[in-house]
Engineer: 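I am attaching a structure below and will ask some questions about it afterwards.
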Amino acid sequence: MTPHLPNPPKRLVVVGNGMVGQRFVEALRARDADRAWTITVLSEEPRRAYDRVALSSYFDGADAASLDLVADGCYSDDTCVLHLGESAASIDRAGHSVLTTTGRTLDYDALVLATGSYPFVPPVPGRDLPGCFVYRTLDDLDAIRAAAEHAAATTRGRRSGLVIGGGLLGLEAARALRLLGMSPHVVELAPRLMPLQVDEGGGALLRDMIEALDVTVHLGTSVARIEHGQARDSRRMLATLADGTELDLDLVVFSAGIRPQDGLARDAGLALGARGGIAVDDGCATSDPAIFAIGECACIGERVYGLVAPGYAMAEVLADRLLGGTASFTPADTSTKLKLMGVDVASFGDALAQTEGALEVTLSNPVDRTYAKLVVSDDAKILLGGVLVGDASKYAILRPLVGRPLPGDPVAMIAPSGGMPSMSLPPDAQVCACHGLTKASICGAIAEHGLTDVPGIKACTKAGTGCGSCVPLLKTLLAESGVAQSTALCEHFAQTRAELFDIVRRDRIATFTELISVHGHGRGCDICKPVVASILASLDLGHILDGEQSALQDTNDHFLANIQRNGTYSVVPRIAGGEVTPEKLIVLGEVARDFQLYTKITGGQRIDLFGARVEPLPAIWRRLVDAGFESGHAYGKALRTVKSCVGSTWCRYGVQDSVSLAIELELRYRGIRSPHKIKAGVSGCARECAEAQSKDIGVIATENGWNLYVGGNGGFRPRHADLLMKDIDTATLIRTIDRFIMFYIRTADRLQRTSVWVESLSRDGTDGLQYLTSVLVDDSLGIAAELDAAMATHVERYEDEWAAVLDDPERLRRFVSFVNAPGAPDPSIAFVSERNQPRPVLPLLGRGKALEVLA
Amino acid sequence: MTTTIHAPLEAIRSADWQPICAYADLTPERGCAALVGSLQIALFRTFDGSVFAISNQDPFTGAYVLSRGIVGTRNDVPTVASPLHKQVFNLATGACLDDAGVAVTTYPVRLSDGVVQVLAA
């Protein structure tokens with residue numbers, strides 16, 4: 001028997017230590033337990049591999065160390081060595097060796113080129129001036145930061161930078177400049193932002209949302225020249241655009257795309273792709289079988305990929321091949337979902353409808369600031385791709401359906417509330433793209449391990465723990481798997497809201513602590529605390545900001561105003577029935593002007609004043625209360641408005657005085673806390689100008705009295721109200737509405753509008769409306785007197801919440817932005833002017849998710 | 001009343017601690033914001049009397065509002081829910097309990113002679 005000698009290790013040289021090169025080294029080391037290869041890695045940069053995708057977070061608290069990508073122990077022994085600041089100068093293919101930039105010769109058995117790409121700088125006159133930068137490496141970012149700091153030290157007023165290129169990278173660079181305190185301009189030659197991923201409609205919305213962040217966007221133009229500014233000793237620059245616009249700048253960043261770094265391969269005579277990139281086969285081999293290329297420098301399947309995920313896939317393929325495997329690269333899915341400066345953008349499949357005969361279905365909602373487009377086959381049966389801007393939550397369910405038959409009407413699939421629950425994915429559809437999990441594998445885990453909730457699925461399968469975009473889908477899969485949804489309010493209370501209401505009322509419980517210590521556990525959460533606060537308020541147990549109740553309130557109830565997206569609040573005084581005197585209208589205008597508040601007429605016939613920080617709220621309300629206004633409870637789950645038409649007083653068609661009734665109803669029910677908001681309307685004739693049938697409580701005048709409608713709804717799920725009683729007099733009308741509201745408060749679920757509540761009342765063959773009639777009119781439960789008494793108590797005890805705050809120093813204490821600087825306004829809140837009114841500039845995201853690129 | 005101090009570092013010089021406000025200024029189970037240099041810090045006093053300090057910026061929206069969220073518990077861990085979109089954060093670690101990849105910065109906090117102090121460099 002001949003002795004078995006191990007083969008001597010083969011020599012592998014890797015040129016490039018970017019994200020893909022490093023991933024390749026780690027993938028090979030993980031598989032090569034026998035150490036068949038010794039590895040030498042050359043890194044042109046003086047740093048080892050770091051996360052280039054999250055580059056802008058470098059200006060957002062991250063340092064070079066936190067971006068480092070190299071696994072512990074990767075280069076800890078002499079079978080795997082990394083040389084920093086040393087690159088390959090040339091390749092001697094015949095001699096199987098590489099000459100390095102420091103003059104060394106490295107012999108190889110296999111050579112891997114992972115040289116990445118370089119930034120494309122268009123030939124703009126002045127592009128070599130100091131103050132012009134590219135956006136690729138940490139050194140580039142250090143140089144940009146130094147220039148920005150110089151500008152901050154020498155420039156008064158706004159500092160601005162120009163970003164050339166409005167693609168994915170350009171918007172990242174713009175984010176970086178914002179984080180450095182500059183006002184960026186972005187110039188893009190194409191007629192829209194992100195032209196490779198997003199279509200015209202999506203680009204238009206993206207532009208609006210990016211401009212709201214103090215970025216000025218110039219589309220369909222280019223930079224004609226860049227020059228030194230006028231002042232002799234200043235470093236400022238002047239850029240002139242092709243359309244004649246002149247921009248006064250502190251610095252310029254080129255991010256107009258990348259080009260494959262293929263010079264080394266070109267000099268060595270390796271075959272290249274038609275438009276550059278080192279040509280490789282599906283095993284990543286170049287035209288020389290001992291040389292391989294991966295990542296952004298490679299041209300594979302006649303494509304060069306500028307995303308990291310296909311590069312990682314190539315790294316895995318090559319690691320397998322070098323150890324004798326047969327893995328091959330399949331054309332990558334370039335679908336992306338990312339957050340750019342806080343704006344959700346997703347693009348998948350054939351997003352730009354380049355397939356022959358493709359049809360496009362588009363839904364654009366300028367109010368919600370969302371845009372959605374599906375691309376479908378010419379027979380409208382197969383989903384080909386799509387674009388989502390503003391709300392990318394449907395990416396998770398749509399992307400797995402690319403190339404498959406549409407499960408429903410394409411419009412319904414992208415409508416805000418449409419289609420999703422009934423859409424059942426095929427078992428092999430990928431649900432969690434981050435961890436490569438299909439519907440079948442997740443449903444299998446639900447069944448096998450008896451999983452009952454999303455956290456359970458996350459812990460067991462890892463689904464939903466990456467980008468998180470599939471979490472809504474996981475809930476659907478639980479329901480599809482027949483997992484019963486608990487009726488418990490939350491983890492702290494096993495009861496429903498209605499059960500808690502009965503407990504509080506029966507046992508006369510006055511505090512949250514008393515309730516949770518006896519009937520729940522823990523210390524509550526954002527679900528149960530506002531519910532209990534609402535129950536206590538419905539039972540008229542004191543001012544909502546007194547004692548422990550204060551800590552239960554949502555921020556809206558806490559500051560008696562409506563929080564807006566930038567952390568400011570809006571103010572809505574009550575204008576009962578929509579009737580307002582000229583004097584009071586003038587006061588509203590004066591207050592808005594003096595406190596610089598954005599002013600808008602609401603759908604409920606009131607006036608909303610936006611953009612107040614917390615500290616001026618009491619001063620605003622002092623003026624309003626002195627002028628005779630009171631809280632409009634727009635911030636509460638409470639009665640909002642009773643809308644009215646002008647009625648028989650003025651209208652030649654009116655048959656009843658709808659305004660007087662609307663005011664009477666609004667003043668009767670103002671301030672009452674309920675499971676959700678309540679809206680009402682009164683129309684003076686059957687023409688229904690007050691749109692009362694879209695309200696929770698609708699009243700329409702008849703020749704003989706009033707018709708009462710209940711359970712209507714606008715909004716998310718529109719529903720016409722049902723006729724409860726016909727031709728009734730005013731006393732009967734008010735008594736019935738009293739009972740309706742009180743019965744709703746006692747028995748509805750948390751955040752259940754009356755429309756859903758009425759439907760939920762159907763019992764044993766009677767529909768909800770019949771049941772309601774039996775309770776409210778025929779008193780079938782024998783509780784009518786109780787309901788009447790509860791409403792009488794509410795009417796008697798009503799006080800204006802805002803007036804009661806202004807008179808109480810203890811309640812006023814909360815109206816400061818900072819506990820240690822009571823006079824200081826919140827510096828993160830800023831406005832620009834739009835149509836002569838303030839418009840918020842949103843603060844930039846901090847250390848949250850920066851940028852995700854998923855394959 | 002017991003006050004837990006969430007500061008692991010004994011060696012920190014007392015000069016680095018920034019006085020913020022009197023402990024009595026903190027409302028039980030409510031937050032407030034403090035301005036330390038250009039940093040916005042959210043302070044919370046929980047039911048058991050402990051004080052926590054985290055960044056005031058909501059990482060999902062960029063708005064400086066976390067101090068205005070509802071304080072509570074999840075699986076007995078002290079939490080605050082963002083007032084904008086209700087994501088819940090662990091007050092002790094800053095980790096978002098609804099989104100594994102997200103966390104906010106936490107700051108050491110202690111009580112000295114009835115004054116709440118924060119260590120924020």
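Every chain is numbered from 1, with letters handed out A, B, ... down the list of sequences. When reading the values below, keep in mind they use all heavy atoms of this one structure, side chains included, and skip hydrogens, waters and symmetry mates.
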Engineer: Evaluate the side-chain proximity of B/T46 to A/R523: yes if any heavy-atom separation is below 4.5 Å, no if none is.
Structural biologist: no
Engineer: Checking A/D214 now: which residues fulfil side chain to side chain contact (heavy atoms under 4.5 Å, CB included) with it, not counting sequence neighbours?
Structural biologist: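 Side chain to side chain contact (heavy atoms under 4.5 Å, CB included) list for A/D214, sorted by chain: A/R158, A/R178, A/S183, A/V841.
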Engineer: How many angstroms lie between CG in B/D76 and CD in A/E491, if you round to the nearest 0.5 Å?
Structural biologist: 7.5 Å
Engineer: Quick one: what part of B/P28 sits under 4.5 Å from any heavy atom of chain A, side chain, backbone, both or neither?
Structural biologist: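 Backbone only.
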Engineer: Do any N or O atoms from the side chain of A/K529 and from the backbone of B/V71 form a donor-acceptor pair under 3.5 angstrom?
Structural biologist: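 Yes, because the side chain of A/K529 sits within donor-acceptor range (under 3.5 Å) of the backbone of B/V71.
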Engineer: Can you tell which part of A/V816 gets under 4.5 Å to a heavy atom of chain B, answering side chain, backbone, both or neither?
Structural biologist: neither
Engineer: Distance from A/S550 atom OG to B/R30 atom CZ, nearest 0.5 Å?
Structural biologist: 6.0 Å
Engineer: Quick one: what part of A/R565 sits under 4.5 Å from any heavy atom of chain B, side chain, backbone, both or neither?
Structural biologist: backbone
Engineer: Evaluate the criterion side chain to side chain contact (heavy atoms under 4.5 Å, CB included) for residue pair A/T555 and B/V65; output intermediate values, then yes/no.
Structural biologist: CA-CA 9 Å; A/T555 189; B/V65 294; over 6 Å; no
Engineer: To the closest 0.5 Å, what do you measure between CG (B/L35) and OG (A/S817)?
Structural biologist: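 So the gap between those two atoms works out to 9.5 Å.
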Engineer: Would a distance-only check, ignoring hydrogens and angles, find a side-chain to backbone donor-acceptor pair under 3.5 Å from B/E29 to A/L552?
Structural biologist: no
Engineer: If you tally heavy-atom pairs under 4.5 Å against chain B, which of A/D554, A/N566, A/N556, A/L842 wins?
Structural biologist: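 Among A/D554, A/N566, A/N556, A/L842, the one with the most close pairs to chain B is A/D554.
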Engineer: For B/V116, is it the side chain, the backbone, both or neither that has a heavy atom under 4.5 Å from a heavy atom of chain A?
Structural biologist: neither
Engineer: Okay, side chain of B/R68, backbone of A/G567: is any donor-acceptor separation there less than 3.5 Å?
Structural biologist: yes
Engineer: Could you walk me through whether A/N820 and B/Q18 satisfy the side-chain hydrogen bond (donor to acceptor under 3.5 Å, both in side chains) test, starting with their C-alpha distance in whole Å, then the side-chain angles of each, then the deciding distance to 0.1 Å, before giving a yes or no?
Structural biologist: CA-CA 10 Å; A/N820 62 340; B/Q18 307 274 341; over 6 Å; no
Engineer: Could you look at B/I20 and say if it's the side chain, the backbone, both or neither that has a heavy atom under 4.5 Å from chain A?
Structural biologist: both
Engineer: Within the 4.5 Å heavy-atom criterion, are B/I70 and A/P530 side-chain neighbours or not?
Structural biologist: yes
Engineer: Quick one: what part of A/H492 sits under 4.5 Å from any heavy atom of chain B, side chain, backbone, both or neither?
Structural biologist: side chain
Engineer: Return the OG to CZ distance between B/S67 and A/F818, rounded to the nearest 0.5 Å.
Structural biologist: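 One gets 8.0 Å once the value is rounded to the nearest 0.5 Å.
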Engineer: Does any backbone or side-chain atom of B/D98 lie under 4.5 Å from a heavy atom of chain A? Answer side chain, backbone, both or neither.
Structural biologist: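 Contact with chain A involves the backbone of B/D98 alone.
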Engineer: Taking every non-hydrogen pair under 4.5 Å, which of B/N75, B/V36, B/L43 racks up the most with chain A?
Structural biologist: B/N75
Engineer: Within a strict 4.5 Å, meaning less than it, do heavy atoms of the B/R74 and A/C525 side chains meet?
Structural biologist: no
Engineer: Assess whether atom NE2 of A/H521 is packed by more than 12 heavy atoms of other residues, nucleotides or ligands within 6.0 Å.
Structural biologist: yes
